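Counting starts at 1 for both ligands and their atoms, in listed order. If you're wondering where the values come from, they're calculated on a predicted model, not measured in any experiment. Computation of the quantities below employed the complete heavy-atom set of this structure, encompassing side-chain atoms and omitting hydrogens, waters and symmetry-equivalent molecules.
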Amino acid sequence: MYQQEIKKINVKNDPREAKYLDEWVMKYRLLGMKGRCADYIPALGESNLSDLGVYIISSDGGEIKSGDWEIPFTLQSISKVISFIAACLGRGISYVLERVDVEPTGDAFNSIVRLEMHTPGKPFNPMINAGAITVASLQYGESPEQKLESIYAIIEKMVGKRPTVNEKVFQSEWKTANRNRALAYYLKENGFLESGVEEALEVYLKQCSIEVNTKDIARIGLILSQNGYDPIRKRQVFPKEIAKLIKGLMLTCGMYNASGKFAAFVGIPAKSGVSGGIMASVPARYPQELPCQMGCGIGIYGPAIDEHGNSIAGVELLKHLAKVWDFNSF
Ligand code: DON
């Protein structure tokens, strides 16, 4: 049934696309009631379980949005994508990859187990906390402020506005970050941190607490889908080589220990955060007449998360979009 409908709806901003999306958002938001918010960070425990919003931006600037797309939320682990890009820009790809690997773990995002199992304790990838804390420490700059500036600058270039940190969320994380502190001390012991433990944690937890909405992350997803080129502002924001590398990491590690299933059933580079955000990047697909045929960025917010830390409603909505609009790389 959808196949016939799809043929008719590849027109920019066709109101029918929005209508379908509204129906799907209404359906999938109910799934949120089964989950829970990331209350291990106390300030995130206050979110509304049935919120669900989505924003899609296509390469020609067409936009479709639905539901609670305007609600601000914190980047959390989605920031790991941005901070990896910033570190590669500031230090060069090979410098970064000497300090963090690019292998999926199949473990939870905050797991400590592999650091000790493999000598010399090099973090497996920049999408798990151990890797992201390492990347935070090696950002260009001496102080946490300067290192954060590298991250803010690339966000500002992509999103068009200066990012702000949600202080309440940052404080909430800072006070409860015992596991992250343990990871950071272990990394420090093995020589992987290029700053003090507290400095690396400050950068990491502040980047996690940057406030965005679905439109902001959809724009970043779009730039990734175009290999670092911003088709709206018509400029290369970062090199293609970095875009390809981070998309490979998003596909293999972006949804934590559910990355394999997500790659199999959705099949696009995506990154989730425990606040319920998902940033996804859809490549151009040929030779079909489909919405966003030349690629798009997707931003999703649905704060009820599953045991892996991924938005329950968001993942199901993306699975559905992969099926009906062929939002799939393969
Ligand atoms: O370090 C933490 O626990 C959080 N600031 C970020 C974790 C996160 O988003 C993992 N997600 N799915």
Side-chain angles (χ1 to χ4, degrees), residues 32 35-45 47 72-84 100 104-112 115 123-137 144 148 151 163 165-187 193 197-198 200-212 217 220 249-250 252-262 269-280 299-315 318:
R36 51 184 302 189
C37 300
D39 47 15
Y40 79 96
I41 301 169
L44 296 186
S47 318
F73 58 94
T74 51
L75 275 175
Q76 296 302 332
S77 285
I78 298 171
S79 70
K80 293 168 180 168
V81 170
I82 301 157
S83 90
F84 184 78
V100 61
T105 64
D107 300 327
F109 61 85
N110 55 4
S111 177
I112 203 160
L115 286 181
F124 264 57
N125 68 68
M127 303 289 116
I128 51 170
N129 289 12
I133 294 167
T134 304
V135 171
S137 81
L148 279 160
I151 298 173
V165 168
N166 181 321
E167 267 304 315
K168 187 176 170 198
V169 173
F170 169 66
Q171 287 302 334
S172 186
E173 288 215 59
W174 183 255
K175 287 183 197 138
T176 55
N178 296 321
R179 173 78 73 114
N180 284 327
R181 278 204 165 76
L183 285 169
Y185 275 108
Y186 197 84
L187 291 162
L193 286 198
V197 163
E198 294 303 304
L201 284 172
E202 183 180 339
V203 176
Y204 170 66
L205 295 177
K206 281 196 173 149
Q207 73 179 54
C208 286
S209 306
I210 291 172
E211 206 158 66
V212 289
I217 56 172
I220 302 173
L249 280 162
M250 288 163 74
T252 52
C253 319
M255 305 295 283
Y256 298 107
N257 39 342
S259 297
K261 285 185 189 62
F262 191 84
K271 183 75 203 81
S272 62
V274 286
S275 52
I278 304 178
M279 174 172 83
I300 289 189
Y301 172 65
I305 55 171
D306 60 20
E307 70 275 25
H308 308 296
N310 299 324
S311 168
I312 296 176
V315 168
L318 281 170

Check: Looking only at heavy atoms, which two atoms of K206 and V165 are closest? And how far apart?
Finding: O-CG2, 3.8 Å
Margin query: If the cut-off is 4.0 Å to any non-hydrogen atom of Y256, which atoms of ligand 1 fall inside it?
Written below: 8 (C), 10 (C), 11 (N), 12 (N)
Margin query: If the cut-off is 4.0 Å to any non-hydrogen atom of Q76, which atoms of ligand 1 fall inside it?
Written below: 4 (C), 5 (N), 6 (C), 9 (O)
Checklist line | Candidate list C208, S209, P163, test side-chain contact (heavy atoms from CB on, under 4.5 Å), partner S79, passing option | finding: C208
Notebook entry, point to check: Going by the atom numbers of ligand 1, which of them fall below 4.0 Å from some non-hydrogen atom of N180?
Noted result: 1 (O), 2 (C), 3 (O)
Check: Does any non-hydrogen side-chain atom of N129 lie less than 4.5 Å from one of R179?
Finding: no
Checklist line | Those atoms of ligand 1 less than 4.0 Å from some heavy atom in E173 | finding: 2 (C), 4 (C), 5 (N)
Item checked: Distance-minimising heavy-atom pair for I278 and S311 -> CD1-CB, 4.1 Å
Check: atom 1 (O) of ligand 1: which protein heavy atom is closest, and how many Å away?
Finding: Y204 OH, 2.7 Å
Next item on the list: Report the nearest protein non-hydrogen atom to atom 7 (C) of ligand 1: residue, atom name, distance rounded to 0.1 Å.
Entry: S77 OG, 3.1 Å
Notebook entry, point to check: For ligand 1, is there an N or O atom under 3.5 Å from any N or O atom of L205?
Noted result: no
Check: Against heavy atoms of C208, which atoms of ligand 1 measure under 4.0 Å?
Finding: 5 (N)
Notebook entry, point to check: Does the side chain of S259 reach to within under 4.5 Å of the side chain of T252, using non-hydrogen atoms?
Noted result: no
Next item on the list: Give the residue, atom name and distance (to 0.1 Å) of the protein heavy atom nearest atom 3 (O) of ligand 1.
Entry: Y40 OH, 2.5 Å
Next item on the list: Please name the pair of heavy atoms, one in I300 and one in G314, separated by the smallest distance, quoted to 0.1 Å.
Entry: CG2-CA, 3.7 Å
Next item on the list: Give a yes or no on whether R36 atom CZ has more than 12 heavy-atom contacts from other residues, nucleotides or ligands under 6.0 Å away.
Entry: no
Check: Would you say N129 and ligand 1 have an N/O pair spaced under 3.5 Å apart?
Finding: yes
Check: Any N/O of K80 closer than 3.5 Å to an N/O of ligand 1?
Finding: no
Margin query: Tell me if a side-chain donor or acceptor on S272 pairs with a main-chain N or O of N310 at a distance below 3.5 Å.
Written below: no
